[in-house]
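Notes for the one structure printed next.
Both counts, for ligands and for their atoms, begin at 1 and track the order of listing. Numbers here are sequence positions counted from 1. All values derive from a computational prediction rather than experimental measurement.
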Amino acid sequence: MKKILLSTPHLTGNEQEYINHAIESNWVAPLGPNVDSFEKEIADYAGSKGAVALSSGTAAIHLALNLLGVGKGDIVFCSTLTFIASANPIIYQGATPVFIDSEPETWNLSPTALEKALIEAKKNNKLPKAVIVVHLFGQPAKLDEIISICSHYNIPIIEDAAESMGSLYKGKQTGTFGEFGIYSFNGNKIITTSGGGALVSDDINALNRARFLASQAREPEIHYEHKYIGYNYRMSNILAGIGRAQLKGLDERIHLRRNIFERYEEKLGSIKGIKFMPELKDTKSNRWLTAFTINNTDNSMSPSKLIRFLSEQNIEARPIWKPLHLQPVFKDCQCYDHFEKENFSVSLFNSGICIPSGSNLSFDDQDRVIENIKKAIVEDSYGKNDR
Ligand SMILES: *Cc1c(COP(=O)(O)O)cnc(C)c1O
């Protein structure tokens with residue numbers, strides 16, 4: 001039985017042409033015409049004034065923090081329910097993360113918790129230098145509310161749209177609402193360059209500065225002249241070629257992933273205790289990963305039991321991201337909760353599961369996932385899965 005994975009690279013067939021062209025013209029070094037074109041195409045797609053192609057999404061977050069002047073001793077707020085790459089660059093800059101809980105309608109950064117945190121920060125004279133807002137699994141966060149709170153305190157927003165490229169909030173692309181937005185082209189994301197990322201913004205000067213910092217901060221002199229510490233964060237011309245082909249396929253990939261989500265929801269949504277990830281009104285998620293929660297009071301099945309059962313059937317499933325404030329490496333960091341006495345991201349972590357959602361997942365494979373989840377839950381109700 002073939003292994004069904006969560007999300008694998010899905011090539012369009014046109015990548016080779018761009019790669020060949022890059023090799024034939026000897027643009028194998030970093031930078032080159034594919035990089036320039038890819039940047040323009042990303043900006044056009046997103047509707048931002050510009051984009052910088054980089055070696056990873058993590059590098060893009062790091063540069064965004066640098067450009068906002070985040071440094072030693074500063075505080076940066078960040079969604080707690082996310083992949084660790086959202087927060088690691090805060091530490092690279094010598095700053096301290098403060099985590100913000102999720103809310104039930106998007107599973108993303110809670111405006112309620114954000115406001116609580118900002119009121120307290122203001123009182124203590126410790127306002128954050130930036131807020132990193134994540135659009136989890138492709139679902140846009142409550143941007144209107146978040147932007148209104150942040151502008152009241154004059155705090156810039158970095159949108160971590162690594163998982164949400166192509167997702168819309170009120171018809172506008174995620175990644176274009178904050179001072180900076182970032183995308184990831186890692187192998188598991190909705191489009192990939194095998195590894196890569198992008199920084200988008202309407203601030204052209206800041207993007208030029210990002211290009212400079214990402215190229216070892218080399219001054220425009222004939223010899224090697226350096227006045228600042230930079231990074232080696234630029235994307236290669238070959239990988240940008242893969243990205244150009246992939247970007248042309250993005251809308252189709254979103255369509256396919258949304259169909260997969262809808263099919264799962266249609267076939268599994270009526271099982272008692274199962275609740276699929278919501279989609280906020282006036283938003284359109286790219287449905288990068290299909291996720292749902294299992295409520296233990298309706299159903300003795302738990303995410304860990306279901307993941308084990310599926311793994312025995314050669315199907316990869318995973319818990320949703322472990323909240324960062326629960327990570328040992330961030331154990332001393334503060335987290336502001338959405339509810340009075342409960343952290344919502346922790347209850348999501350305890351009840352949530354992601355199932356295979358790749359845009360190249362065949363109908364047969366989708367059916368195998370669906371049938372096995374049904375089987376796991378039926379057998380569980382007879383006590384067969386209590387191992
Ligand atoms: C993948 C991901 C990143 C990091 O992107 P890389 O390109 O792998 O560095 C950042 N944030 C989130 C939410 C992600 O899922």
*Can you list the steps and then say if N237 with Y18 is a side chain to side chain contact (heavy atoms under 4.5 Å, CB included)?*
CA-CA 10 Å; N237 194 54; Y18 287 96; over 6 Å; no
*Shell of residues surrounding ligand 1, defined by a 4.0 angstrom heavy-atom cut-off that is strict*: S56, G57, T58, T82, F83, A85, S86, V134, D160, A162, E163, S184, N186, K189, G196
_With R211 via side-chain hydrogen bond (donor to acceptor under 3.5 Å, both in side chains) - residues at least two apart_ = E39, N208
*Only counting residues at least two apart or in another chain, list the ones meeting side-chain contact (heavy atoms from CB on, under 4.5 Å) with F177.*
L143, I147, E159, Y169, K172
*Between F261 and F137, is the gap from one ring center to the other below 6.0 Å?*
no
*Of all residues at least two apart in sequence or in a different chain, which pass the ring-ring contact (aromatic ring centres under 6.0 Å, His included) check with Y92?*
H62
*Starting from the C-alpha separation in whole Å, work towards a yes-or-no answer on side chain to side chain contact (heavy atoms under 4.5 Å, CB included) for S79 and L136.*
CA-CA 9 Å; S79 304; L136 195 73; over 6 Å; no
